[in-house]
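A short write-up of the structure that comes next.
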Amino acid sequence: YVIPNMSATWRDCFSDLRRKFQPLLWSELHPILEALIRASTDVSNRESSNFDDVSLLSELLSNTDIADANAADARLCAIKLMRNLCAGVPRNQRHILQIGAPDKIVSLMRSLLNDHSLGWNRNQLLTAALQFLGNLCTSFPEGQVAVWELCYPRLFGSVMECGVCEAADVCCMVIHVCTLNNMERRWVYMQ
């Protein structure tokens with residue numbers, strides 16, 4: 001799957017993702033999601049995504065069995081794609097917040113923190129989920145409020161204690177972004 005820097009092809013790829021998602025063909029979703037992740041590094045592709053695209057990715061987060069390897073890979077790709085889609089695109093950040101994706105991500109993170117059986121995939125999922133939350137917060141005060149209310153203090157503390165260094169590093173970045181321009185949150189955090 002290759003996507004050149006063209007919005008029409010970007011749209012076609014999301015259409016293909018939507019068709020394959022209906023019967024839950026996890027192994028077929030992976031190459032499409034990987035191609036979209038690569039293409040989403042281009043801001044023009046991120047800007048051409050819409051509410052339906054973000055909703056589809058959020059639905060994917062809810063409809064996967066984390067113990068199924070193909071489904072877990074599809075979920076990881078969906079998180080990475082949502083992470084990229086909200087980077088520097090306020091409209092996408094708003095859409096992601098509106099559909100409740102942060103709640104789903106935090107729920108997933110709580111499950112991951114309680115289930116150590118997933119091994120490396122657990123670490124990747126935790127780190128990608130935190131990167132998503134960080135991108136959602138960056139230059140987006142509404143995202144900062146939502147993430148802070150969902151994660152402080154328990155989830156942040158659990159991530160810092162879970163033994164996944166990469167996740168703890170990203171968690172520090174999320175806390176920094178949430179407290180950088182908010183003296184009240186910074187004061188509460190420092191106590």
Who are the ring pair (Phe, Tyr, Trp, His ring centres under 6.0 Å) partners of Tyr189, not counting sequence neighbours?
-> none
Review item, side-chain donor-acceptor pairs of residues 163-172, under 3.5 Å, at least two apart:
none

For the student: nearest non-hydrogen atoms of Ala74 and Leu33, plus distance = O-CD1, 3.6 Å
Please name the pair of heavy atoms, one in Asn92 and one in Cys86, separated by the smallest distance, quoted to 0.1 Å.
-> CB-CA, 4.3 Å
Table please: side-chain donor-acceptor pairs of residues 131-159 below 3.5 Å, with sequence neighbours left out.
residue: Gln131; atom: OE1; partner: Arg83; partner atom: NH1; Å: 2.7
residue: Asn135; atom: ND2; partner: Arg83; partner atom: O; Å: 2.8
residue: Thr138; atom: OG1; partner: Gly134; partner atom: O; Å: 2.7
residue: Gln144; atom: NE2; partner: Cys137; partner atom: O; Å: 3.0
residue: Tyr152; atom: OH; partner: Val188; partner atom: O; Å: 3.2
residue: Ser158; atom: OG; partner: Arg154; partner atom: O; Å: 3.0

First locate atom CG of Leu56, then atom CG of Leu61, and finally report the distance between them rounded to the nearest 0.5 Å.
-> 10.0 Å
Only pairs under 3.5 Å count here: list side-chain donor-acceptor contacts from residues 97-107, not counting sequence neighbours, and write none if there are none.
residue: Lys104; atom: NZ; partner: Ser58; partner atom: OG; Å: 2.8
residue: Lys104; atom: NZ; partner: Ser62; partner atom: OG; Å: 3.3

Residue pairs, two or more places apart or on separate chains, that pass salt bridge (charged side-chain N to carboxylate O under 4.0 Å, His left out) and touch residues 46-58 = Arg11-Asp53, Arg18-Asp53
Identify whether Ile37 and Val43 are in the same connected component of the hydrophobic contact network (ILVMFWY, side-chain heavy atoms under 4.5 Å).
-> no
How long is the span from the OG atom in Ser40 to the CE atom in Met82, to the nearest 0.5 Å?
-> 12.0 Å
Would you indicate whether the side-chain heavy atoms of Arg94 and Arg91 approach each other to under 4.5 Å?
-> yes
Report yes or no: does Asn45 contribute a side-chain atom to a donor-acceptor pair with the main-chain N or O of Ala39 at less than 3.5 Å?
-> yes
If two hydrophobic side chains count as joined below 4.5 Å and joins carry through other members, does Met183 share a cluster with Met190?
-> no
If Ile, Leu, Val, Met, Phe, Trp and Tyr residues are connected whenever their side-chain heavy atoms lie under 4.5 Å apart, and connections chain through other members, are Val54 and Phe51 in the same group?
-> yes
Of the non-hydrogen atoms in Gln124 and Leu76, which two are nearest, and what is the gap between them?
-> OE1-CD2, 3.3 Å
Leu112 CG to Leu126 CG distance, which is reported to the nearest 0.5 Å | 5.0 Å
Find out if a path of hydrophobic residues (ILVMFWY) with successive side-chain heavy-atom gaps under 4.5 Å connects Trp187 to Ile175.
-> yes
Go through the steps for Met173 and Leu130 under the test side chain to side chain contact (heavy atoms under 4.5 Å, CB included), then give the verdict.
-> CA-CA 9 Å; Met173 181 270 301; Leu130 284 157; over 6 Å; no
Rounded to the nearest 0.5 angstrom, the OG1-CZ distance for Thr127 and Arg122 is 10.0 Å
Euclidean distance, Leu36 CG relative to Leu57 CG, rounded to 0.5 Å = 8.0 Å
The ring pair (Phe, Tyr, Trp, His ring centres under 6.0 Å) partners of His30 (sequence neighbours excluded) come to none
Distance col, row Leu113:CG vs Leu108:CG, nearest 0.5 angstrom, shows 9.5 Å
Heavy atoms only: give me the nearest Cys77-Glu34 pair and the separation to one decimal.
-> SG-OE2, 3.3 Å
